[in-house]
**Q** 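Mind having a look at this structure? Questions to follow.
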Amino acid sequence: ITAIAIGKKAILMAQKLNERGNKEGTKLSAGEISNRVYNMMVFFSQQQTRKVVSVPDELSVIPITLFHLLRGPCLGPILQHSDDIYCIQRLFLNSSFQTCLRITQPRLYCLKQEDMLKTRHVVDQALSMQQITDGNANNDNNPISNSLANEILSNHYLKEIPMVTLALQSHFILILDHHTDVFIWSGFSVSGGEYDKIRDALKLIVRNEIRHRYPAPNIMLFNESDSMARWFEARLIPAHKDNEFLQIQACQALIGNLSGKQRKELGGKLLWTDDYSFYEWLSHVISGTVGL
């Protein structure tokens, strides 16, 4: 609730400044968010005997939620038309708490290749029972899509993971729900036509999840290294810039089973940008060198 309140105040500030012709409105409101996080961190560090700046676990969601807001379509540097920015800002300011949470806490889900292969029997069984015909084989609402969707959900193959660039592994299909947009990204190893039925099932799952939202979200599909994929990747936290200790600490379930060579190969294929990782941003905020 606190993070949403801080975010709404910052966006309202940005809109008012922009309406007055201040081109730095968004930058100043982002600085206000950083200032709020800085004050919170300093206040709670003064309550501790050790000189370590940290916050209680109950409040740790505030910095990461606000960091996502700074990177997202409301205040982030993502290239988009000013009208689009204004619309998403108005949506955030006037929406329910749950909608605001989805905008400020986007969710990333992963389906691994090894789990996709476990669903082969569903397709074989559907075909042997002649549940589908050639006429509707490409319809993502056909019986095989429903069967695959049920198999994926009932076995919990679709798992939520940290929203970081280290998730861009070639044997994953990723779903990012950003409330107004839903991205489905396929890695190299699972981008072939033999996995199209899996993607159809995932689209069905997504459509069932978003069917009551207004405005209706866009659903976009692309593969690793597609030009459109950069729009999705820009929303992920560039955790590949952090050192190995921080990566393991934040993403143990995601990369903990990878060997050192595999982690190096994964990091090597990810682009190096001047965007802050979460830990870099937090470090600059604490030291008072960003947005203050």
Side-chain angles (χ1 to χ4, degrees), residues 1-37 61-109 160 162-165 167 174-185 203 206-207 209-222 226-238 273 275-276 278 281 291:
I1 293 172
T2 301
I4 298 301
I6 293 172
K8 287 199 175 192
K9 183 175 180 179
I11 289 172
L12 193 59
M13 173 184 172
Q15 285 200 341
K16 287 181 176 179
L17 289 172
N18 290 336
E19 288 169 0
R20 293 171 187 168
N22 191 329
K23 296 181 180 180
E24 297 292 313
T26 300
K27 185 177 180 181
L28 290 171
S29 65
E32 177 67 15
I33 287 178
S34 296
N35 192 39
R36 296 282 182 182
V37 174
V61 71
I62 295 177
I64 187 65
T65 299
L66 293 174
F67 183 65
H68 280 306
L69 184 64
L70 289 173
R71 291 181 55 80
C74 285
L75 293 173
I78 298 170
L79 293 177
Q80 54 190 332
H81 194 276
S82 58
D83 289 346
D84 296 327
I85 298 173
Y86 185 81
C87 287
I88 187 67
Q89 288 179 344
R90 296 306 298 176
L91 176 67
F92 183 77
L93 289 173
N94 294 289
S95 292
S96 68
F97 178 66
Q98 289 301 324
T99 296
C100 291
L101 275 182
R102 280 193 293 268
I103 294 173
T104 53
Q105 294 181 352
R107 300 297 177 91
L108 183 65
Y109 300 90
E160 186 172 356
M163 204 175 121
V164 296
T165 49
L174 303 174
I175 300 176
L176 173 60
D177 182 357
H178 216 292
H179 182 72
T180 54
D181 298 293
V182 179
F183 306 99
I184 301 178
W185 177 95
K203 282 193 291 183
V206 167
R207 284 177 178 154
E209 180 67 26
I210 66 175
R211 65 185 182 278
H212 297 306
R213 288 189 201 173
Y214 179 83
N218 299 310
I219 301 177
M220 288 170 276
L221 285 80
F222 31 69
D226 285 356
S227 58
M228 278 294 293
R230 290 178 293 177
W231 199 18
F232 158 67
E233 293 163 8
R235 284 165 162 77
L236 303 182
I237 297 175
T273 70
D275 292 347
Y276 287 138
F278 173 64
W281 174 76

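Bear in mind the structure is a predicted one, so any value in this text is a computation, not a measurement.
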**Q** Determine the minimum heavy-atom distance between Tyr276 and Pro238, stating which atoms define it.
**A**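 In this case the closest contact between Tyr276 and Pro238 is O-CG, 3.4 Å.
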**Q** Please name all residues satisfying salt bridge (charged side-chain N to carboxylate O under 4.0 Å, His left out) with Glu160, sequence neighbours left out, ordered by chain then number.
**A**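 For Glu160, the residues satisfying salt bridge (charged side-chain N to carboxylate O under 4.0 Å, His left out) (neighbours in sequence not counted) are Arg107.
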**Q** Please list, chain by chain and in numerical order, all residues satisfying salt bridge (charged side-chain N to carboxylate O under 4.0 Å, His left out) with Arg213, sequence neighbours excluded.
**A**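 Salt bridge (charged side-chain N to carboxylate O under 4.0 Å, His left out) list for Arg213, sorted by chain: Asp177.
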**Q** Mind checking the CD1-CG spacing from Ile11 to Leu91? Nearest 0.5 Å is all I need.
**A** 10.0 Å
**Q** With sequence neighbours excluded, tell me which residues meet ring pair (Phe, Tyr, Trp, His ring centres under 6.0 Å) with Tyr109.
**A**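 With neighbours one apart ignored, the set is empty.
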**Q** Enumerate the side chain to side chain donor-acceptor pair (under 3.5 Å) contacts for residues 63-77, please, sequence neighbours excluded, ordered by first and then second residue.
**A** Thr65-Gln105
**Q** How far apart are the C-alpha atoms of Phe232 and Leu108, what are their side-chain angles, what is the distance that settles it, and do they pass the side chain to side chain contact (heavy atoms under 4.5 Å, CB included) test?
**A** CA-CA 11 Å; Phe232 158 67; Leu108 183 65; 4.1 Å; yes
**Q** Can you confirm whether Thr104 sits close enough to Cys74 that some side-chain heavy atom of one is under 4.5 Å from a side-chain heavy atom of the other?
**A**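 Answer no - side chains too far apart.
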**Q** Any side-chain heavy atom of Met163 within less than 4.5 Å of one from Ile237?
**A**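 The answer is no; the side chains never approach within 4.5 Å.
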**Q** Taking side chain to side chain donor-acceptor pair (under 3.5 Å) as the test, write out the residues that go with Thr165, two or more places apart.
**A** His240
**Q** Between Leu75 and Ser29, which heavy-atom pair has the shortest distance, and what is it?
**A**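 That would be CD2-OG, 3.6 Å.
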**Q** With Ser95, which residues qualify under side chain to side chain donor-acceptor pair (under 3.5 Å), at least two apart?
**A**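 Testing Ser95 for side chain to side chain donor-acceptor pair (under 3.5 Å), a comparison that skips the adjacent residues, returns none.
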**Q** Would you say the side chain of Phe278 lies within less than 4.5 Å of the side chain of Ile64, judging by non-hydrogen atoms?
**A** yes
**Q** For Pro106 and Leu176, work out which heavy atoms get closest and say how close.
**A** CB-CD1, 4.0 Å
**Q** Looking at Ala167 and Pro162, what are the two nearest heavy atoms and their distance?
**A** CB-O, 4.4 Å
**Q** I would like to know whether Phe67 and Val37 meet side chain to side chain contact (heavy atoms under 4.5 Å, CB included); could you show each step before the answer?
**A** CA-CA 10 Å; Phe67 183 65; Val37 174; over 6 Å; no
**Q** I'd like to check the side-chain contact (heavy atoms from CB on, under 4.5 Å) partners of Met220; sequence neighbours left out, ordered by chain and number.
**A**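 side-chain contact (heavy atoms from CB on, under 4.5 Å) check on Met220 returns Asp181, Phe183, Asn218, Phe222, Met228, Trp231.
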**Q** Which residues pass the side chain to side chain donor-acceptor pair (under 3.5 Å) test with Ser82, not counting sequence neighbours?
**A** none
**Q** If you take all heavy atoms of Gly25 and Leu17, which pair is closest and at what distance?
**A**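 What the structure gives for the nearest pair is CA-CB, 3.7 Å.
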**Q** Using the side chain to side chain contact (heavy atoms under 4.5 Å, CB included) rule, take Leu70 and Leu66 through it: C-alpha gap first, then chi angles, then the decisive distance, then the call.
**A** CA-CA 6 Å; Leu70 289 173; Leu66 293 174; 5.6 Å; no
**Q** Identify, with sequence neighbours excluded, every residue that meets salt bridge (charged side-chain N to carboxylate O under 4.0 Å, His left out) alongside Arg90.
**A** none
**Q** Under the side-chain contact (heavy atoms from CB on, under 4.5 Å) test, which residues partner Leu221, sequence neighbours left out?
**A** Ile184, Arg199, Lys203, Ile219
**Q** Can you name the residues that form a side-chain contact (heavy atoms from CB on, under 4.5 Å) with Ser227, not counting sequence neighbours?
**A**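 So Ser227 forms a side-chain contact (heavy atoms from CB on, under 4.5 Å) with Arg230.
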**Q** Name all residues meeting the side-chain contact (heavy atoms from CB on, under 4.5 Å) criterion together with Phe97; count only those two or more places apart in sequence or in a different chain, and write none if there are none.
**A** Ile1, Ile4, Leu101
**Q** Does a side-chain heavy-atom distance below 4.5 Å link Pro73 with Asp84?
**A**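 Not in contact.
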